[in-house]
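Report on the following structure.
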Amino acid sequence: MEGLSSTSLLTDMYELTMVDAAILDGTASRHSVFEVFARRLPGSRRYGVVAGTSRVLEAIRDFHFTDEQIEWLRSKNILHDETLDFLKNYHFSGNVYGYPEGELYFPYSPIFTVEGTFAQACVLETVVLSILNHDSAVATAASRMTMAAHGRPCMDFGARRTHEEAAIHAARAAMIAGFVGTSDLEAGMRYDIPISGTAAHSFTLLHDSEEEAFASQISTMGTDTTLLVDTFDIPHGVELAVQAARAAGGELGGVRIDSGDLVSQAFKVREQLDAMGATSTRITVTSDLDEYSIAALNAAPADAYGVGTRMVTGSGHPTAEMVYKLVLREGDDGSMVPVAKRSQAKATVGGFKVAGRVRDEYGRAAQELVVEAESYEEGLDYIKKVGARPLQAHLVIDGEIDPEYIGNHTIADGAKRHEEARNALPGDGWRLSEGAPAVPTKMLNLHEA
């Protein structure tokens with residue numbers, strides 16, 4: 001993971017104390033399967049979007065304990081020497097199955113499945129959840145925004161509204177959900193994301209007049225730049241912006257509006273631009289946009305949206321509420337035993353699960369079919385036999401990460417996958433209002449059917 005030589009301490013203390021007790025009682029090496037899923041979609045949304053898979057795989061790759069970390073843990077006197085020896089030599093050698101980035105998920109979708117010894121898989125819980133919960137929450141919000149935008153481009157302007165590292169990963173997640181670029185330079189460099197940005201109100205206020213500020217920006221960025229026209233009076237700012245571009249020998253590329261009634265202002269600015277003959281000048285709107293305000297702007301002549309706070313914070317739901325639960329483990333006799341919680345409102349479903357999306361006669365998503373099987377291969381054979389689209393990939397094979405699912409190319413791959421999956425939703429899936437999941441989940445045990 002970028003910036004860290006090791007991800008092993010991105011975890012909660014109880015992961016290690018559980019492993020410590022399991023090593024001492026002899027259960028740490030039991031073959032185990034953990035599953036990441038969400039019991040519900042936050043905010044009663046119609047679907048969720050998986051993002052962060054590549055980052056999780058990087059975190060698993062980098063999950064090892066340095067000598068410094070081992071000595072720090074030793075100094076805390078919370079682990080026995082046997083456990084410290086295990087951690088010193090830790091390397092995940094199991095299997096991981098999961099929904100690739102951009103895929104949609106629904107309640108109880110087996111989003112990410114980790115198979116290995118209890119000790120190997122247990123310690124990954126926190127870092128897996130922290131990445132998937134953040135990135136999927138952002139991607140889900142971003143998807144609702146790009147869906148509401150109906151093809152008008154959305155840009156990430158949210159870096160200043162969240163933690164500096166979260167901003168970088170939010171920009172990546174937003175790209176998977178259909179955004180076209182970011183203002184965050186570190187995200188641009190790290191993930192090869194298109195970058196965008198011109199000037200803020202302070203640049204206008206720096207100069208003795210709005211005319212001078214516009215002339216300066218155009219002199220360095222060209223007439224195709226976008227000028228911020230609402231520092232003082234918008235109609236006057238629009239007039240000065242168009243004149244400044246023409247004085248430099250071209251037509252103004254765009255204007256940005258960052259205040260006021262954005263719908264009304266967009267209509268007025270478009271009318272003014274057209275009356276001045278600046279018919280090719282684009283209008284970008286910003287200012288605390290979310291999916292609902294973007295939807296309201298559909299009737300307005302806005303050409304692009306700059307989205308900040310609401311996107312990077314999940315538009316009111318900053319976590320995807322995913323959990324990481326043990327669903328299958330080896331028993332004393334060596335056989336695999338499904339296990340599940342029965343807690344009120346927090347019950348889980350045991351067993352190894354494989355998922356596919358059933359389509360109706362029109363090719364629309366009709367059902368999330370989740371089957372409990374003896375193995376991934378058995379479940380996958382059944383999914384294919386009934387004509388459902390398989391949803392999981394074998395991401396890690398005996399400790400080796402499949403290169404198809406790691407690296408910057410996964411952003412474009414995920415964006416394409418997301419567009420296809422979202423386009424296959426039934427009509428209910430495109431509603432921004434609260435409601436039931438657009439695709440119901442059916443659970444099926446192959447050996448009880």
Worksheet item: Stepwise, does the side-chain hydrogen bond (donor to acceptor under 3.5 Å, both in side chains) test hold for Ser315 with Glu291?
Response: CA-CA 8 Å; Ser315 198; Glu291 59 266 53; 2.6 Å; yes
Worksheet entry | Steps toward side-chain hydrogen bond (donor to acceptor under 3.5 Å, both in side chains) verdict (Glu368, Ser109) | CA-CA 7 Å; Glu368 192 89 340; Ser109 295; 2.8 Å; yes
Worksheet item: Please walk me through it: do Thr11 and Glu125 pass side-chain hydrogen bond (donor to acceptor under 3.5 Å, both in side chains)?
Response: CA-CA 7 Å; Thr11 190; Glu125 175 178 358; over 6 Å; no
Item to complete: Determine, stepwise, if the pair Glu239 / Met276 fulfils side chain to side chain contact (heavy atoms under 4.5 Å, CB included).
Response: CA-CA 8 Å; Glu239 181 179 356; Met276 296 180 69; 4.2 Å; yes
Item to complete: Check the pair Asn89, His64 against side-chain hydrogen bond (donor to acceptor under 3.5 Å, both in side chains), reporting the backbone distance first and the verdict last.
Response: CA-CA 8 Å; Asn89 297 298; His64 56 82; over 6 Å; no
Worksheet entry | Criterion side chain to side chain contact (heavy atoms under 4.5 Å, CB included) on Tyr108 and Thr348, from CA distance to verdict | CA-CA 9 Å; Tyr108 292 96; Thr348 60; 6.0 Å; no
Worksheet item: So Thr313 and Val138, side chain to side chain contact (heavy atoms under 4.5 Å, CB included) or not? Walk me through it.
Response: CA-CA 7 Å; Thr313 58; Val138 171; over 6 Å; no
Fill in: side chain to side chain contact (heavy atoms under 4.5 Å, CB included) between Glu165 and Glu186, worked out
CA-CA 9 Å; Glu165 279 291 320; Glu186 179 62 29; 5.8 Å; no
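In this structure, a donor-acceptor pair under 3.5 Å is present between the side chains of Asp290 and Ser293. Looking at Arg46 and Ser433, their side chains do bring a donor and an acceptor atom within 3.5 Å of each other.
In this structure, the separation between CG on Leu57 and CD on Glu101 is 8.5 Å, given to the nearest 0.5 Å. Between the CE atom of Met311 and the CE atom of Met155 there is a distance of 10.0 Å, given to the nearest 0.5 Å. Taking OG1 of Thr225 as the start and CG of Leu252 as the end, the distance is 7.5 Å to the nearest 0.5 Å. Asp360 contributes atom CG, which lies 8.0 Å from atom CZ of Arg364 (distance to the nearest 0.5 angstrom). Between the CD1 atom of Ile78 and the CE atom of Met13 there is a distance of 4.0 Å, given to the nearest 0.5 Å. Separation of atoms CD1 (Ile60) and CD (Gln120) is listed at 10.5 Å; rounding is to 0.5 Å.
A donor-acceptor pair under 3.5 Å is formed between the side chain of Ser209 and the backbone N or O of Glu212. A donor-acceptor contact shorter than 3.5 Å is absent between the side chain of Thr410 and the backbone of Ile406. No donor-acceptor distance shorter than 3.5 angstrom exists from the side chain of Ser264 to the backbone of Asp261, with no hydrogens or angles considered. For the pair Ser143 (side chain) and Thr140 (backbone), a donor-acceptor distance under 3.5 Å is absent. Here the side chain of Thr220 pairs a donor or acceptor atom with the backbone of Gln217 at under 3.5 angstrom. At distances below 3.5 Å, not a single donor-acceptor pair connects side-chain atoms of Glu210 with backbone N or O atoms of Thr231. Checked by atom type and distance alone, the side chain of Thr113 never pairs as donor or acceptor with a backbone atom of Glu35 at under 3.5 Å. Here the side chain of Glu115 pairs no donor or acceptor atom with the backbone of Phe352 at under 3.5 angstrom. Remark: side-chain polar atoms of Asn133 are paired, donor with acceptor, to backbone N or O of Met322 under 3.5 angstrom. Here the side chain of Asp12 pairs no donor or acceptor atom with the backbone of Glu15 at under 3.5 angstrom.
A heavy-atom distance below 4.5 Å is not found between the side chains of Phe65 and Ser6. Put simply, the side chain of Thr441 reaches to within 4.5 Å of the side chain of Val370, judged on heavy atoms. Side-chain contact between Ser8 and Leu87 is absent, with no heavy-atom pair separated by less than 4.5 Å. In this structure, the side chains of Leu10 and Thr7 come closer than 4.5 Å at one or more pairs of heavy atoms. Side-chain contact between Val19 and Phe86: present, with at least one pair of heavy atoms (C-beta onward) separated by less than 4.5 Å. Between Tyr324 and Phe37 the shortest side-chain heavy-atom distance does not fall below 4.5 Å. Using a 4.5 Å cut-off on side-chain heavy atoms (C-beta onward), Val307 and Phe157 make no contact. Side-chain contact between Tyr305 and Arg152 is present, with heavy atoms from C-beta onward closer than 4.5 Å.
Under the 4.0 Å criterion applied to side-chain N and carboxylate O atoms, Lys88 and Glu71 are not assigned as salt-bridge partners. The existence of a salt bridge linking Arg55 and Asp135 is confirmed by a sub-4.0 Å separation between a basic side-chain nitrogen and an acidic carboxylate oxygen. Between Asp156 and Arg172 there is no salt bridge, since no side-chain nitrogen of the basic residue lies less than 4.0 Å from a carboxylate oxygen of the acidic one.
Aromatic pair Tyr97/Tyr376: ring centres closer than 6.0 Å. Ring centroid separation for the pair Tyr90 and Phe63 comes in under the 6.0 Å cut-off.
In terms of heavy atoms, Asn298 sits closest to Ala149 at OD1-O, 3.8 Å. Met175 and Pro194 get closest at one heavy-atom pair: CE-CD, 3.9 Å. Here the closest heavy-atom approach between residue Thr53 and residue Val50 is recorded as OG1-CG1, 3.6 Å. Considering all non-hydrogen atoms of both residues, Ala187 and Thr182 come closest at CB-CG2, 4.2 Å. Smallest separation of non-hydrogen atoms from Ala438 and Asp428: CB-C, 4.3 Å. Of all heavy-atom pairs spanning Gly43 and Glu434, the tightest one is O-CG, 3.3 Å.
Taking the ring pair (Phe, Tyr, Trp, His ring centres under 6.0 Å) definition, one finds that His207 meets it with Phe203, sequence neighbours left out.
For Arg39, the CZ atom counts as densely surrounded, since its 6.0 Å shell holds more than 12 non-hydrogen atoms of other residues, nucleotides or ligands. Residue Glu271 qualifies as open at atom CD: its count of foreign heavy atoms under 6.0 Å is 12 or below. Within a 6.0 Å radius of CZ in Arg161, no more than 12 heavy atoms belonging to other residues, nucleotides or ligands are found. Sparse packing is recorded around NZ of Lys416, with 12 or fewer heavy atoms of other residues, nucleotides or ligands lying under 6.0 Å away. Residue Glu321 qualifies as enclosed at atom CD: its count of foreign heavy atoms under 6.0 Å is above 12.
Between Gln265 and the choices Ile234, Asp258, Asp230, the side-chain contact (heavy atoms from CB on, under 4.5 Å) rule is met once, by Ile234. Just one of His418, Arg422, Arg357, Arg417 meets the side chain to side chain donor-acceptor pair (under 3.5 Å) condition when paired with Glu103; it is Arg357.
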